[in-house]
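Computed from a predicted structure; not experimentally measured. To find a chain, count down the sequence lines: A is the first, B the second, and so on, and within it residues start at 1.
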Amino acid sequence: MSDKDYIIIESGKAEQPFHYAVGMHGSKFFRELKDNRRFIGLKCPKCGKVFIPPRGVCGECFVEMNEWVEVGPNGVIGSFTILRYAFIDPETGQQKPIPYGYGFIKLDGADTLFQHYINIEDESKVKIGARVEAVFSKERKGSIRDIEYFRVVD
Amino acid sequence: MAKRVAIVGTGQTFHKSHRPDVNGQELINEAVQAALKDADIKISDIDAIIIGNMDHFEGINYVDCWSIDGSGGFMKPVIKITTGGTTGCSVAIGGYHLVASGLFDRVLIIGWEKNSESDTTGAITTAFDPIWDRLVFAGAISGLAAEAQAYMARYGATEKDGARVSVRDRKHALNNPHAQLRKEITIDEVLASPMLADPIHLLDVCPRTDGAAAVIMASEDSAEKITSSPDWIWATSNRHSYSYLGDADYGRLTSMREASQDLFKKGGIKEPRKEIDVIELYQPYSFGGIIWIEDMGIIGPGEGPRYIGEGNTDMGGELPINPSGGVISCNPIGATGLIRCCEAAMQVMGKADQHQVPDVNFAVSTGFGGCWWTDMILHGKKKPGK
Ligand SMILES: [Zn+2]
């Protein structure tokens, strides 16, 4: 028998929506983003690192964090890539529009990297260490999409 | 005191991009039968089974339950271990723990995947945080590309340096009948292949594969009765380092650095470059072959491109890496880490045929996943001291 002779059964258009809790720290972060266009992170009382996304515990020190500090909205590109291959976005079921800039942004005052889109109108400017600013969405609903993208500032 | 543990048999399927002729449990059975045959023992000799894969690739949970007919787990203790890309190495470490505990004498360890059954990028995305990590995420490749980008910026490496690693592994695969991609490629072909995510080209990354692997471990009480050339497990280590993708130090694999230091300390290895004879590295893309052996302490930071470019990691070189052709030639994800373990064991046992490295005393196999997690095993020809 050849591969064509074996039967393959399709799963059909299965949909399984989830309802994810963002939690108290993430919720506060997104409210600040939506209402005041501000980024806030949590600072570890032991090692002093500032975490974005904010979370209740510094994993390395294993201590609770509750000191909020403002970071960004500008920063530098910590690392990046430009996505050029077509793939289905599992969030939407649609093909993701490519190419797009994928940035790990070091927001001013933060010690971890924040992932978001980078505008790639001028690819030659997209480099590690380049200064970037956040461009906020006109309509903000309290999610990661309240930022449209980051763009390189000269 | 822990029992000494050895690998006494290994088995693999002939890995392919698509195996529509078998379902999951039938694929698993091929590897199990091969391992039992290699060890020359029966399923009734097996005391417990550990199995693992990445459930979301097939969209079917609880392989520990539904694979019983194929795995040989009927009326035996069976547990599942799944840790993402590292799964295949984690099941081996789990098997080592079971046998070393003295509670089980002979344990069968299985890793498998049918990557052809779903969209790989979609499936991998489900392993990442839905609130913070998924908006820009593009499967395994985006993070790896960011790692390579950061490494290049830090050390001045080029795309050609990455391509050299793909060329090595694809050449090595010619000697391994179990590998999926068995066609030599050139540096120019890698650089001319489509750019997936800067600086990663199509030929810099692993394929999607259907395949399974199995390993049989036995305690010192029976290992030498089963085989005259057991592969002794000298040490294992694993390290996890982050919650969100943005927490990682792009350009360095800190979990590999920590796990290696722990592994070599436990195994009494002082100069890994001199003492290790072969490495089977879970290296899903070319730059991992450069960056991660630096973090392993084989060479210093930034020295990878030159060391590899000079042929030191080719077959016949100072320290051959991936004689099997590695992950770039074959990647049934849940099996991939265990294939590294199988291959390292085969090298120590002298069973690697066409891709045998001569006189192997110590071998290292690794698992990578998560991303940025590391699992490691130190394999040796001599029985470890107590
Ligand atoms: Zn801390």
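Under a cut-off of 6.0 angstrom, the local environment of CZ in A:Arg37 is sparse, with at most 12 non-hydrogen atoms contributed by other residues, nucleotides or ligands. Heavy atoms from other residues, nucleotides or ligands lying under 6.0 Å from CD of A:Glu123 number more than 12. Residue A:Glu64 qualifies as open at atom CD: its count of foreign heavy atoms under 6.0 Å is 12 or below. Shown here is A:Lys43, whose NZ atom has no more than 12 heavy atoms of other residues, nucleotides or ligands within 6.0 Å. Atom CE of A:Met24 is surrounded by 12 or fewer heavy atoms from other residues, nucleotides or ligands within 6.0 Å.
Looking only at distances, no side-chain donor or acceptor of B:Tyr244 sits under 3.5 Å from a matching main-chain atom of A:Gln115.
The ring of A:Tyr20 has its center no closer than 6.0 angstrom to the ring center of B:Trp132.
In terms of heavy-atom pairs under 4.5 Å with chain A, the best-connected choice from B:Ile141, B:Asp129, B:Ile200, B:Asp119 is B:Ile141. Contact count against chain B (heavy-atom pairs under 4.5 Å) is highest for A:Pro53 among A:Pro53, A:Gly59, A:Gly101. If you tally non-hydrogen atom pairs under 4.5 Å between each of B:Pro130, B:Gly122, B:Ala145, B:Ser241 and chain A, the highest count goes to B:Pro130. Of the listed residues (B:Gly139, B:Pro199, B:Ala150, B:Ala138), the greatest number of heavy-atom pairs within a distance under 4.5 Å of chain A belongs to B:Ala138. Ranked by non-hydrogen atom pairs under 4.5 Å with chain B, the options A:Asp111, A:Ile7, A:Leu113 are led by A:Leu113.
A search for ring pair (Phe, Tyr, Trp, His ring centres under 6.0 Å) contacts involving A:Tyr149 returns nothing, not counting sequence neighbours. Under the rule for a ring pair (Phe, Tyr, Trp, His ring centres under 6.0 Å), B:Phe287 has no partner lying at least two apart in sequence or in another chain. In this structure A:Phe51 satisfies the ring pair (Phe, Tyr, Trp, His ring centres under 6.0 Å) test with no other residue, sequence neighbours excluded.
With a 4.5 Å cut-off on non-hydrogen atoms, B:Pro20 touches chain A through its backbone and its side chain both. If you measure heavy-atom distances from B:Asp133 to chain A, the contacts under 4.5 Å come from both the backbone and the side chain. In this structure, chain A has heavy atoms under 4.5 Å from both the backbone and the side chain of B:Phe137. Residue contact with chain B, scored on non-hydrogen atoms closer than 4.5 Å, is absent for A:Phe18. With a 4.5 Å cut-off on non-hydrogen atoms, B:Ala123 does not touch chain A at all.
The distance from the CG atom of B:Leu135 to the NE2 atom of A:His116 is 5.0 Å, given to the nearest 0.5 Å. Rounded to the nearest 0.5 Å, atoms CG (A:Asp89) and OG1 (B:Thr125) are 7.5 Å apart. Note that CD1 of B:Ile131 and OG of A:Ser143 are 9.0 Å apart. Values are rounded to the nearest 0.5 Å. For the atom pair OG1 of A:Thr112 and CG of B:Asp249, the computed distance is 12.5 Å after rounding to the nearest 0.5 Å.
Closest heavy-atom contact between A:Phe104 and B:Leu245: CE2-O, 3.9 Å.
Within residues 77-88 of chain A, the residues that have a heavy atom under 4.5 Å from a heavy atom of chain B are A:Ser79, A:Phe80, A:Thr81, A:Ile82, A:Leu83, A:Arg84, A:Tyr85, A:Phe87, A:Ile88, listed by number.
A:Lys49 places none of its side-chain heavy atoms less than 4.5 Å from the side chain of B:Asp247.
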